[in-house]
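A short worksheet on the structure shown next.
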Amino acid sequence: MVGTISIEKSEKLSALLKREGVTHHVLNAKQHDREAEIVAQAGRFKAVTISTNMAGRGTDILLGGNPEFLARQKIDASLSPEQYREEYEKVLSVMKAQCEEEKKKVVEQGGLHILGTERHESRRIDNQLRGRAGRQGDPGSSHFFLSLEDDLLRIFGSERISAMMDRLGIEENEPIIHPWISKAIENAQKRVEGHNFDIRKHLLEYDDVLNQQRHLVYDMRREILSGEKIKDRILDMVDQEISEIVDQNIPEKVTDVKVDFGGMEDTVRNF
């Protein structure tokens with residue numbers, strides 16, 4: 001299974017595999033109607049699946065394939081319910097034997113292998129992708145490939161990692177495998193996660209303020225519609241407006257100023 005961070009990159013990778021003649025399936029938002037089917041068969045022998053943001057998806061990947069899904073694909077959906085059930089049982093037994101044989105071959109090859117083309121901004125999504133391998137006691141493995149031109153490293157750690165590579169004497173085309181590099185990548189992910197957390201925190205705070213305003217407005221609306229305390233509320237509003245008009249036309253703490261009564265009168269008339 002090949003993990004990508006966007007639909008655009010999954011389709012680009014799919015085009016490269018098509019050019020090389022590699023049969024594969026693409027699992028992204030454009031194939032949502034076939035999502036469960038693609039996930040269910042991702043563990044078949046020689047199966048290649050390209051995925052974006054691989055979370056639970058509600059379907060487990062079974063090594064060797066899912067016999068129930070395979071059986072349903074083989075049966076004519078136009079059969080009557082009784083004929084369908086009878087045919088399904090026959091085909092299911094055949095598919096179970098086939099999936100069991102394929103599972104043995106997959107296990108011999110080391111199980112499902114997860115290949116990450118980039119690191120996601122969140123470690124949680126990386127772990128979700130890794131978690132697709134080695135489930136239910138089955139063997140599995142994962143490997144991530146990164147480039148200093150990836151968005152995560154380019155924005156948050158490219159210069160530091162480049163300097164580190166120079167100090168270690170690593171050639172340009174040589175794969176980088178070093179604990180320092182892994183730590184720098186993890187720190188970059190933590191910074192992105194912290195930034196996203198702050199965004200969600202501020203958004204929640206703004207929403208709380210709007211929610212309080214909403215409650216005040218609706219409480220006032222209910223009081224007005226029910227006829228409660230309307231006179232007192234109107235008098236309070238008039239008093240508040242008068243205070244604001246006076247404050248606008250009479251400077252505070254000034255006694256020898258000529259008061260613009262005409263301006264105050266115009267303000268009241270235009271109100």
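Values below: every heavy atom of this structure, side chains too, minus hydrogens, waters and symmetry copies.
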Any side-chain heavy atom of Gln212 within less than 4.5 Å of one from His215? no
Cluster overlap Val91 with Leu62, hydrophobic side-chain contacts below 4.5 Å: no
Applying a strict under-4.5 Å side-chain criterion to I, L, V, M, F, W and Y, I'd like to know whether Ile114 and Ile38 cluster together. yes
Just checking, any donor-acceptor pair under 3.5 angstrom between side chains of Arg124 and Asn127? no
State yes or no: do Phe69 and Met95 share one hydrophobic cluster built from I, L, V, M, F, W and Y residues joined by side-chain heavy-atom distances below 4.5 Å, directly or via other members? no
Can you check whether Gln98 reaches Arg44 side chain to side chain, under 4.5 Å on heavy atoms? yes
Under 4.5 Å between side-chain heavy atoms, hopping through other hydrophobics if needed: is there a path connecting Val238 to Ile230? yes
Exercise: identify the closest heavy-atom pair between Glu118 and Ile5: OE1-CD1, 3.3 Å
Is there a donor in the side chain of Ser243 and an acceptor in the side chain of Gln240, or the other way round, less than 3.5 Å apart? no
Report yes if the side chains of Val48 and Val22 come closer than 4.5 Å at any heavy-atom pair, otherwise no. yes
Output yes when Lys46 and Glu102 qualify as a salt bridge under the 4.0 Å nitrogen-oxygen rule, no when they do not. no
Worked check of salt bridge (charged side-chain N to carboxylate O under 4.0 Å, His left out) between Arg123 and Asp126: CA-CA 5 Å; Arg123 291 168 295 170; Asp126 283 345; over 6 Å; no
Quick one: does Lys103's side chain get under 4.5 Å of Val107's, heavy atoms only? yes
Between His120 and Gln128, is any pair of side-chain heavy atoms under 4.5 Å apart? no
Candidates Met1, Arg132, Arg130, His113 - the one meeting side-chain contact (heavy atoms from CB on, under 4.5 Å) with Ser142: Arg130
Measuring only between side-chain heavy atoms, which start at C-beta, is Arg72 closer than 4.5 Å to Tyr84? yes
Ile61 and Val39, any side-chain heavy atoms less than 4.5 Å apart: yes
Smallest separation among heavy atoms of Ser10 and Val26, with atom names: OG-CG1, 4.1 Å
Yes or no on ring-ring contact (aromatic ring centres under 6.0 Å, His included) for Phe145 and His143, after CA distance, side-chain angles and deciding distance? CA-CA 7 Å; Phe145 288 88; His143 202 129; 4.8 Å; yes
All heavy atoms of Leu112 vs all of Val106, minimum pair found to be N-CG1, 4.3 Å
Side chain to side chain, Ile50 and Leu27, heavy atoms closer than 4.5 Å: no
